[in-house]
Structure formats: C-alpha cells, structure tokens
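For the numbers below, each heavy atom of this structure counts, side chains included, while hydrogens, waters and symmetry mates do not. A quick note: this is a predicted structure, and the numbers were derived from the prediction, not measured.
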Amino acid sequence: MRAIPRLLVSSVVRGSQQGDSHGGVYLVDIDAQSCEQVLDWNTGEIDFGGRGGDRGLRGIVIIGEEVFLAASDELFVFDRAFRLRASYRNPYLKHAHEMWVHGGKLYVTSTGFDALLRMDLATRLFDLGISLSVAGAAVNASAFDPHASAGPAPVNQLHINNVHADDQGIHVSGRNLPALIRITRTSVGPVAVLPRGTHNARPFRGGVLFNDTDNDAVVWARPDGRAAIPTPRYDASALARTGEDEFGIARQGFGRGLCVLSDTLVAAGSSPTTVAVHDLDAGRQVAAINVTMDVRNAAHGLAVWPF
C-alpha cells in the first residue's frame with residue numbers, strides 16, 4: 001500500500017526572463033523519490049510587469065479524467081496524458097491563483113480583480129463573480145455578472161490567492177487579508193485570524209491550516225493549540241541560479257501550495273521547488289522530495305494524482 005500518494009505539482013519561476021522556462025507541472029512520487037515533468041510553461045505571450053503575474057501555471061484541480069490548470073488569465077483543461085482539450089477565458093480573470101471544486105462548481109481566485117469567479121462545470125460557463133473589498137475593519141463581498149461590462153475595476157489590494165468551498169460556505173484568503181473570510185448567502189465575516197502574507201488558508205479540524213509564507217512555516221492553528229512546521233532549507237552553496245532575479249523576490253523557503261492527504265498528513269510546497277509531507281499531530285516533517293535547486297523555481301499548486 002502506498003504511504004504517500006503521487007502528487008501533481010505546478011511551479012512558477014520567479015524573476016524569469018523572456019525566452020526562459022516560466023515553470024512547469026511535475027508528477028512526483030515521494031515514496032519512490034522520483035519526479036517527471038509533464039508540462040513546461042514557456043511562451044512569448046507573457047506580461048512581464050509587476051511581480052511576475054503571468055509567469056507559470058498555478059492552481060490545479062482534477063475532476064474525473066480532466067486536469068484543470070490556471071494560468072494568469074486562462075483556464076486550461078488537459079486529459080490525464082496532458083493533451084490540451086479546452087481552455088476558457090473571462091474579462092474578469094486576471095492573475096489567477098488557486099482553485100477549488102465543490103457542488104459541481106469550480107471556484108477560481110482572480111487576484112488582479114480582488115475577486116472570485118465561479119464556473120458551472122455542467123455548462124462550462126462562468127455563472128457568478130464575487131468582488132471583495134475592505135472598509136475599515138469590515139470585509140465586503142458583492143456579487144456581479146461575469147459576462148456584464150459593468151463589473152469591478154482591476155485592483156489588487158487584498159491579493160486574494162486562495163479559495164476553499166464546502167457546505168459551510170466559500171472561504172477566501174489573501175496575502176493582505178488579516179483573516180480567513182467565510183461568505184454565505186446571508187453573511188460575510190472572519191472565521192480565523194491570519195498573519196499577513198499567507199497562502200492556502202482553509203478550515204481544518206476545528207481550526208485553520210495555512211502556509212505562513214512570510215515566516216517560512218506551515219501552520220495549523222486551533223483553539224487548543226498551534227503547530228508550526230518549518231519549510232525545508234538548504235545550504236546556500238547548493239542553490240542554483242541565485243542572483244538572476246532582477247526583481248529580487250526569489251528566495252528559498254517561500255512556502256506556497258498545500259494538499260491535505262489525511263486527517264494527519266499534509267503536503268506543502270516551497271522554493272526551490274520542494275514538496276514536503278508533514279505530520280500535523282506530531283508537528284514535524286516526515287518526508288520530502290526536491291524537484292529543482294533553482295531558487296527562482298517556486299512551487300504553487302498541489303493535487304493528489306488519482307490515476
């Protein structure tokens with residue numbers, strides 16, 4: 001019996017230049033310590049402005065036999081052999097990050113609009129947009145028609161980077177949001193305090209699980225305790241491509257990407273692209289695999305490979 005399932009991992013090359021690879025998608029087997037690159041994201045049609053928003057493939061959702069991968073302003077759908085089958089765009093999809101599927105709907109973070117977009121998987125049409133804003137201590141959520149011209153203006157103040165939907169509501173988090181926000185039909189409000197700079201926050205076992213990216217740790221915080229497990233670190237002499245990032249944002253230990261494997265085990269990504277498996281109850285790392293030592297190459301999305 002396989003102790004740790006195989007995982008599909010996307011990465012973004014932070015600070016890459018035109019003509020370089022901008023990341024890829026890897027199938028990793030931590031038990032066997034093997035890795036196969038199944039997609040290489042290398043295109044000339046890339047917006048090089050800002051923090052590298054258009055570089056690389058990001059969120060991953062596997063639905064049946066299909067693999068959904070988010071690029072900045074387009075959703076790609078591949079089959080299990082990674083042959084492209086479809087792609088979808090929307091005027092309000094920009095700098096997409098993570099995705100989640102629940103109840104026949106696909107939720108996508110549109111970071112460049114401080115918004116979420118929802119796709120109906122039966123029709124493959126975007127059927128709802130939710131714009132988020134902050135007024136004082138309150139977080140507001142406003143629905144909009146993703147096909148209307150009078151939607152929200154492009155803004156990236158909250159840096160919405162994660163969504164998790166379940167029967168309790170839609171949970172949203174971002175680098176500049178101080179809390180995990182739950183959106184229901186009747187209310188919008190915080191359910192857990194978060195430090196600035198987080199990724200992948202979601203409810204988990206009576207608390208909240210997240211990458212505390214600015215503090216290089218995976219954290220499970222709950223009313224009766226807190227576990228913080230450091231991201232993997234390497235000797236500086238082992239790192240590759242250091243000093244090649246003109247924006248100065250690439251660094252080791254940048255934690256992003258979470259995938260719950262069981263009630264105890266969680267897989268987490270970091271840079272240079274590494275996937276570590278942590279035992280939350282024990283509060284320690286139990287396994288890991290390194291994909292590349294290129295310090296610019298940062299993990300982004302993680303999903304269990306079911307095939």
Side-chain angles (χ1 to χ4, degrees), residues 5 7-8 10 25 57-111 113-132 141-148 151-152 160-174 180-189 191 200-205 208-209 257-263 267 300-307:
L7 298 167
L8 197 63
S10 66
V25 179
L57 294 165
R58 296 176 178 263
I60 304 172
V61 169
I62 300 174
I63 305 170
E65 295 281 320
E66 294 181 313
V67 180
F68 286 71
L69 287 163
S72 174
D73 59 357
E74 190 167 7
L75 299 184
F76 294 99
V77 182
F78 297 87
D79 64 17
R80 59 191 289 183
F82 297 98
R83 294 177 292 239
L84 183 63
R85 294 308 190 199
S87 67
Y88 304 95
R89 288 179 177 264
N90 185 272
Y92 301 103
L93 182 61
K94 187 64 175 176
H95 299 337
H97 278 59
E98 297 289 355
M99 303 188 291
W100 194 264
V101 63
H102 176 70
K105 307 287 187 177
L106 178 68
Y107 297 85
V108 186
T109 56
S110 182
T111 308
F113 281 88
D114 276 347
L116 303 175
L117 290 178
R118 188 181 74 180
M119 173 184 278
D120 186 309
L121 290 170
T123 64
R124 298 297 169 93
L125 296 174
F126 290 103
D127 64 354
L128 177 67
I130 302 174
S131 174
L132 288 99
S142 302
F144 66 92
D145 181 350
H147 301 287
I160 303 300
N161 59 28
N162 200 65
V163 58
H164 176 91
D166 57 27
D167 290 342
Q168 303 303 311
I170 304 168
H171 300 86
V172 185
S173 59
L180 178 65
I181 303 300
R182 178 183 293 156
I183 304 170
T184 72
R185 291 184 180 275
T186 59
S187 66
V188 178
V191 293
N200 312 107
R202 54 160 291 175
F204 183 75
R205 287 179 58 189
V208 59
L209 178 69
L258 281 178
C259 181
V260 171
L261 306 180
S262 70
D263 283 346
H300 198 291
L302 295 178
V304 170
W305 184 247
F307 305 115

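Here the closest heavy-atom approach between residue Ala141 and residue Ile183 is recorded as CB-CD1, 4.1 Å. Residue Glu98 comes nearest to His300 through the heavy atom pair OE2-O, 3.2 Å, listed as atom of the first residue, atom of the second, then distance. Minimum interatomic distance between Leu261 and Pro5 (heavy atoms only, all atoms of both residues): CD2-CG, 4.0 Å. A pairwise comparison of heavy atoms in Ala201 and Asn162 identifies O-ND2, 3.0 Å as the closest pair. Residues Ala96 and Val108 share a closest heavy-atom pair of CB-CG1, 4.1 Å. Closest approach of Thr184 and Gly169 over heavy atoms only: CG2-CA, 4.4 Å.
Ser173 contributes atom OG, which lies 13.0 Å from atom CZ of Arg182 (distance to the nearest 0.5 angstrom). Note: Leu121 CG to Ile63 CD1 = 4.5 Å, rounded to the nearest 0.5 Å. Taking CG of Leu180 as the reference point, atom CZ of Phe204 lies at 14.0 Å (rounded to 0.5 Å). Between the CZ atom in Phe68 and the CD1 atom in Ile60 there is a gap of 13.0 Å [rounded to 0.5 Å]. In this structure, Leu258 CG and Leu209 CG are separated by 5.0 Å, a value rounded to the nearest 0.5 Å.
Between Phe307 and Trp305, the ring planes lie perpendicular to each other; the angle is over 60°, past the 30° to 60° tilted range.
You'll find the side chain of Leu8 reaches within 4.5 Å of the side chain of Phe82, heavy atoms only. Side-chain contact between Leu7 and Val304 is present, with at least one heavy-atom pair separated by less than 4.5 Å. Counting only heavy atoms from C-beta outward, the side chains of Thr109 and Leu116 approach each other to under 4.5 Å. The side-chain heavy atoms of Leu106 and Met99, taken from C-beta on, include a pair separated by under 4.5 Å. Side-chain atoms of Ile62 and Phe78, non-hydrogen and from C-beta on, never get closer than 4.5 Å to each other. The shortest side-chain heavy-atom distance between Arg202 and Val260 falls under the 4.5 Å cut-off. Residues Tyr88 and Val77 are in side-chain contact: their nearest non-hydrogen atoms beyond the backbone lie under 4.5 Å apart. Considering only heavy atoms from C-beta on, Leu75 comes within 4.5 Å of Leu93 through its side chain.
Side-chain contact, His102 with Asp167: a donor N or O sits under 3.5 Å from an acceptor N or O.
For Thr111 (side chain) and His95 (main-chain N/O), a donor-acceptor pair under 3.5 Å exists by modelled atom type. Without hydrogens or angle criteria, Ser131 side chain to Ala115 main chain gives no donor-acceptor distance under 3.5 Å. A donor-acceptor pair under 3.5 Å is formed between the side chain of Asn200 and the backbone N or O of Gly257. Side-chain N or O atoms of His171 include one that pairs as donor or acceptor with a backbone N or O of His164 at under 3.5 Å. Under the 3.5 Å distance criterion, the side-chain polar atoms of Trp100 are matched with a main-chain donor or acceptor of Ala165. Between the Ser87 side chain and the Phe76 main chain, no donor and acceptor come within less than 3.5 Å of each other.
Taking the six-membered ring wherever Trp is involved, the centroid distance between the rings of Phe126 and Tyr92 does not fall below 6.0 Å.
Residues that satisfy the side-chain hydrogen bond (donor to acceptor under 3.5 Å, both in side chains) test with His147, not counting sequence neighbours, are absent from this structure. Taking Asp127 as the reference, Lys105, Arg118 meet the side-chain hydrogen bond (donor to acceptor under 3.5 Å, both in side chains) condition, with sequence neighbours excluded.
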